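Here's the structure, in structure tokens; my notes come after.
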Amino acid sequence: MSKPKILIIYTGGTIGMIRDEVKGTLKPFRLQRVIKSIPSILHLGIELHAMELDRIIDSSNVTPLVWIELAEIIEEYYTQYDGFVILHGSDTMAYSASALSFLLENLAKPVIFTGSQLPIGLPRSDARENLITTLQIAALQNAKGQPMINEVCIYFEDKLYRGNRTHKFNSENFDAFLSLNYPILAEAGVHIQVYQERLLPQSNAELVVHTKMNTNVAILKLFPGLNILPYVQAFKSAGIEAVIIESYGSGNGPTDEGFLGAIQELVDNQIIVLNITQCREGKVEMGKYETSAALVKMGVLSGTDLTAEAAITKAMFVLGKTENYAERGRLLTQGLSGEMFG
Ligand code: ASP
């Protein structure tokens with residue numbers, strides 16, 4: 001049997017950084033150094049190839065253009081590889097993994113993001129374990145010789161997560177990610193335990209790579225005392241086409257006329273309003289309380305249990321896909337890639 005072929009795509013992030021002795025800050029360095037730090041990755045029984053983006057970045061500088069570039073790279077090399085490992089900074093990894101999960105429709109191979117909290121060259125770095133196990137998971141095959149994982153994931157500190165369910169919750173611990181509304185897909189201990197029943201099913205349809213994202217998206221977190229009016233004016237004059245409201249609890253917001261009138265104004269202007277919750281766990285259930293009943297009547301959409309990262313990138317994807325208001329609403333409230341309940 002031939003060895004699984006995996007392509008590593010290096011985008012930047014702490015995993016490949018070194019300290020700039022002059023400025024004292026962390027800056028990216030090149031892939032060859034990453035591989036030199038872990039020579040054992042060349043002995044995993046995997047045929048490994050690697051490439052890097054022209055511009056290596058700290059992930060705080062990621063943009064939708066980088067997501068599209070990654071999607072296009074995967075499209076170009078899709079038939080040549082059994083899986084893809086993307087080395088990426090952890091800060092915005094949840095956004096990038098969410099975005100790729102929408103851009104790569106009918107994905108039938110693993111696309112796994114990983115990175116680390118400490119640069120690869122440091123003695124206590126988490127990079128070594130993260131990279132080696134990610135490669136091993138990306139190379140897993142079923143009895144028919146097909147890739148076992150068919151979706152965009154994040155692997156970090158022993159756990160494989162569905163990418164569009166993740167949130168970076170800790171800036172210091174090696175265990176930096178959470179996926180509170182969907183269980184982990186696999187766990188690495190002495191053995192790698194894959195929870196098959198939690199994985200997305202194998203798609204038989206051909207891969208469709210989308211390359212359009214519309215960034216006319218805004219997010220507004222409710223807080224007691226919020227004066228929403230200036231935001232509504234700003235959204236309108238900036239040409240915002242979708243506003244994500246991070247509401248309270250199961251999708252609740254104030255019931256005063258000022259607030260409801262402002263939301264109505266957005267909807268009347270055919271600006272999509274998508275309701276997600278500030279709670280990290282649980283979902284929006286509009287109409288459960290009086291404080292969300294009016295929102296349903298106005299045509300505010302329920303984002304059920306979407307993370308903010310998934311809601312933002314899904315909105316960019318859907319706005320890029322269609323200009324039709326009703327169709328936008330339909331796509332946003334429907335699960336596209338395992339990102340939401342229902
Ligand atoms: N600032 C870094 C980045 O996101 C942090 C990391 O790599 O984890 O690129």
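Indexing begins at 1, ligand by ligand and atom by atom, following the structure's order. Since this is a predicted model, take the numbers as computed values, not measurements.
At least one cation-pi condition fails for K109 and Y81: the charged atom is not both under 6.0 angstrom from the six-membered ring centre and inside a 45 degree cone around its axis.
If you check the side chains of E129 and Y155, you find a donor sitting under 3.5 Å from an acceptor. Residues H167 and T307 have side chains that never bring a donor and an acceptor to within less than 3.5 angstrom of each other. For the residue pair S247/N275, the side-chain donor-acceptor check at 3.5 Å is satisfied.
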Table of N or O contacts for ligand 1, cutoff 3.5 Å:
unit_1   : atom_1 : unit_2 : atom_2 : d
ligand 1 : 1 (N)  : D58    : OD1    : 3.2
ligand 1 : 1 (N)  : D58    : OD2    : 3.0
ligand 1 : 1 (N)  : D91    : OD2    : 2.9
ligand 1 : 4 (O)  : S59    : OG     : 2.5
ligand 1 : 4 (O)  : S90    : N      : 3.4
ligand 1 : 4 (O)  : D91    : N      : 3.0
ligand 1 : 4 (O)  : D91    : OD2    : 3.4
ligand 1 : 7 (O)  : T14    : N      : 2.7
ligand 1 : 7 (O)  : T14    : OG1    : 2.9
ligand 1 : 7 (O)  : S90    : N      : 3.2
ligand 1 : 8 (O)  : S90    : N      : 3.0
ligand 1 : 8 (O)  : S90    : OG     : 2.3
ligand 1 : 8 (O)  : S116   : O      : 3.3
ligand 1 : 9 (O)  : D58    : OD1    : 3.2
ligand 1 : 9 (O)  : S59    : N      : 2.7
ligand 1 : 9 (O)  : S59    : OG     : 3.4

I would like to know whether L118 and F174 meet side chain to side chain contact (heavy atoms under 4.5 Å, CB included); could you show each step before the answer? CA-CA 8 Å; L118 281 177; F174 289 159; 3.8 Å; yes

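Of the candidates R162, R165, Q196, L185 forms a side-chain contact (heavy atoms from CB on, under 4.5 Å) with just one, namely R162.
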